[in-house]
Protein chains: 2
Amino acid sequence: MANTDSVKVRVLSLNCWGIRYLSKQCPQRYAMIGDMLCKEEHDIVLLQEVWSEKDYLSLKKKLVCSHPHSHYFKSGVIGSGLAIFSIHRIHDTFLFRYSLNGYPYMAHHGDWFGGKAVGMAVLNIGSLTANVYVTHLHAEYCRDKDSYLPHRVVQAWELQQFIRHTSAGADMVILGGDLNMHPEDLGNRLLRSYTGLQDAYLETAKFDGCEDGMTLIADNPFINKKELCPFEKGIRIDYILFKGSTKTDIYCDYMSTTKGSIPNHPFPYSDHEALTAGLRLETHTLTQSDRQPKIKDSAAGKLAALVDIVTEARTEVKVGLHCAEGMRYTATRTGVMGLALLVLELAIAAVPWLALGTEQPFPRTSFYLLAALCFAILLTTFMLYIFYTMELKALQGAEDQMRLAVGSLQEKLRGFPLAQPHNAPRRPPEGHEPSALAPEE
Amino acid sequence: MANTDSVKVRVLSLNCWGIRYLSKQCPQRYAMIGDMLCKEEHDIVLLQEVWSEKDYLSLKKKLVCSHPHSHYFKSGVIGSGLAIFSIHRIHDTFLFRYSLNGYPYMAHHGDWFGGKAVGMAVLNIGSLTANVYVTHLHAEYCRDKDSYLPHRVVQAWELQQFIRHTSAGADMVILGGDLNMHPEDLGNRLLRSYTGLQDAYLETAKFDGCEDGMTLIADNPFINKKELCPFEKGIRIDYILFKGSTKTDIYCDYMSTTKGSIPNHPFPYSDHEALTAGLRLETHTLTQSDRQPKIKDSAAGKLAALVDIVTEARTEVKVGLHCAEGMRYTATRTGVMGLALLVLELAIAAVPWLALGTEQPFPRTSFYLLAALCFAILLTTFMLYIFYTMELKALQGAEDQMRLAVGSLQEKLRGFPLAQPHNAPRRPPEGHEPSALAPEE
């Protein structure tokens, strides 16, 4: 190894809780956030829940000197809420919308309307290419009975796919955002082990912030303590993750979070804590020996662990599939009942016409009201049927991909010790001809 | 250059026109397609419009020996219709759903229900990694007054983004599918010039097939000749595109299309012609001099051309934005009128209640019918409003990305002759520090 070069990058991630007119002290908090960003001059700022484009534009105006480059990711009805500000030029952006994101009729949860997605920006930091990702996954409203779990697992699956497939050309990968998952939740393990991304909180040399790196804490005045239960002190659901490449090693020198209140200010920036990570990149010129996998011993174990995680995710998706099938069945049955009721009503009304002179048994008003009800049932169930069919297709698609992935990982495990380490699963070693006849299931 | 190795890959692409019970001779044609694929043993088969999963499964069963690996991409209400069959093992798949794809109320066109997308499969061919893409863009129903043009341009934009960002680690990229665009249409130019993909028909050493490589021809008995007008003989809208990498050069040795009828069969495989391309890959070990851009002279010209194309696309997206804004405005206005009508009706009906004893001016039936009409108007316009808002967000998002891309390309042009050739636009040459303070807009 020779020719070591070092680059430092400071990254901030913050869920801004920016629902205009609904979030408490929204304009004041945006003003505080703007001032802080202007002063702190982080290299990269990853914001979530910037729901209003107007708020993004006013931040952009304020940060024009400190962060001349920015991008706001538009998606869904309201928007994705995702924004990136950067000191370094943004060369390219790309948005991936998750195929599943809650239900439109759960309007009080509102996730569906947000058009959740992962945004990517390609930056050049010196001579290095950095792929920076910002995302916000579906919220968890009830941990014990989390009906959105399959959706969140599929989002984590798509997130790891997106990062893995789009980052092959990058020297450095940074992901920041509100993952709405605890550190050891299934989706989090899936994401970290498949992509090889490292958790800044776990890797940092120095940490200053909330206990256990928590980002949603009871000490924050905007937090309803009851909702945190049974995690009285708080939970860690916001993350900064990173990885290098074959050309670069990356280290986290320090990490910090806000602690529920900001000195000299009446309230915090948001209901979430802000995360800051100081990353250091070491570039090195590869010698032939560097190109060889260094962690061969543990690679087989990691592959086996990955197979277990994907299998667990597949099970979770199957649970979701089962639920969605049940819901679609209920919608169909209700629709058929609505149709039967309509036919029955028409039949009863038709009797007097057929047997002339008999008195009409239906008061007109009831007749029209009942018919309107039937039509409403038919329309609603038809729309629900369409929606559940789309949900089913998306879940089936993810399940298919997971099955394929497990097969491919197992194939690699069988080919061990020839296979490569877990963070480069796409390329088998040179000369290793995959068996074309292995059954795919 | 040394150590040249050669790999041959035969690729087929076919739009199967597989709408069960609606497409003519559907089961018979699938049987013919299955027999042909079984016999011909193409390395990679890219199918579109396989709308029914049952048809995919029966094909899979038939091809289990010739093409043991396959994947069906699920999306939308009906599905994406995309399927891949391969002789080589599929290691990984990924699906990207286009953010725009027609309108749900244009049910007779049906594109919206199809959930159009681009599917990717990662294959290992010998020691090489091949990224194979299959897609199907929104149909063109009326060339003169093509209201779907902005949607198709955004799809082409997202397609090039997806391919560009996911193919950095690939030694070879192959895209097959029904692009529903003529060779020199805006979306096609955007796709080819941004990704550096080459058109097999234009690059082939030997061609055997329809005049001008047409894939939708008047001689096909399933084609309504009137719909082809003014292109009497036919049009070329299906493509096989390819590119190599810094490690590989790729050539098209031959290409063929079916010619509207199949010898010894009563009808063709589909209303589209099937495309077959014989690709040859030459792997070489890079010497230092090979790594230098070879086409430096023309790179500036290509960059400038790309700026023009993206600008043209941006204009087209702006036209779409204008239309979508108009439609949303109309929906809002109609909704407001429905609401006003409802309020008026209630006011008139309320008069007799307020002035007791006055006779009710409304016959009950008319009252309920009118109220039902008002509610129907309100519901419909509300849903249209939601839909157009999502369309607007997607169009605005694409427009933002295009603006950023033009800025980045122009930046690169200013830095010339230091910049790299057009097919590697993401990485500036080493040591070229991009100006962090250049304005973004």
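Numbered from 1 within each chain, the chains take letters A, B, ... in sequence-line order. Basis for what follows: all heavy atoms, side chains included, without hydrogens, waters or symmetry-related copies. Given the structure is predicted, the values throughout are model-derived calculations rather than measurements.
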At a heavy-atom separation under 4.5 Å, does [X] approach chain A through its side chain, its backbone, both, or neither?
X: B/Leu395; value: neither
X: B/Ser75; value: backbone
X: B/Leu392; value: neither

Taking the side chain as every heavy atom from C-beta outward, state whether [X] and [Y] have any atom pair closer than 4.5 Å.
X: A/His165; Y: B/Asp92; result: yes
X: B/Asp400; Y: A/His71; result: yes
X: A/Gln401; Y: B/Leu95; result: yes
X: A/Arg97; Y: B/Arg97; result: no

Legend entry - Pair A/Tyr368 + B/Phe367: ring centers closer than 6.0 Å: no

Legend entry - Test side chain to side chain contact (heavy atoms under 4.5 Å, CB included) applied to A/Ala121 - qualifying residues, sequence neighbours left out: A/Ile84, A/Ile90, A/Thr93, A/Leu123

Inset, instruction - Under the side chain to side chain contact (heavy atoms under 4.5 Å, CB included) rule, collect the residues that match up with B/Ser66, sequence neighbours excluded. - result: B/Cys38, B/Glu41, B/Leu63

Legend entry - Other residues, nucleotides, ligands: >12 heavy atoms within 6.0 Å of B/Tyr105 OH: yes

Inset, instruction - Any chance you could lay out the ring pair (Phe, Tyr, Trp, His ring centres under 6.0 Å) test for A/Phe96 and B/Phe94, step after step, and finish with the verdict? - result: CA-CA 12 Å; A/Phe96 181 87; B/Phe94 190 26; 5.3 Å; yes

Inset, instruction - Against chain B, label A/Met402 side chain, backbone, both or neither, depending on which of its atoms sit under 4.5 Å from a heavy atom there. - result: neither

Legend entry - Under 4.5 Å from a heavy atom of chain B, the part of A/Leu128 involved: neither

Legend entry - Distance, nearest 0.5 Å, that separates OG of B/Ser99 from NZ of A/Lys74: 12.5 Å

Legend entry - Heavy-atom closest contact (B/Ser408 atom, A/His91 atom, distance): OG-ND1, 3.0 Å

Inset, instruction - Quick one: closest heavy-atom pair of A/Gly169 and B/Ala168, and the distance? - result: N-CB, 3.5 Å

Legend entry - chain B contacts, top residue of A/Phe113, A/Tyr72, A/Phe387, A/Phe162 (heavy-atom pairs, under 4.5 Å): A/Phe162

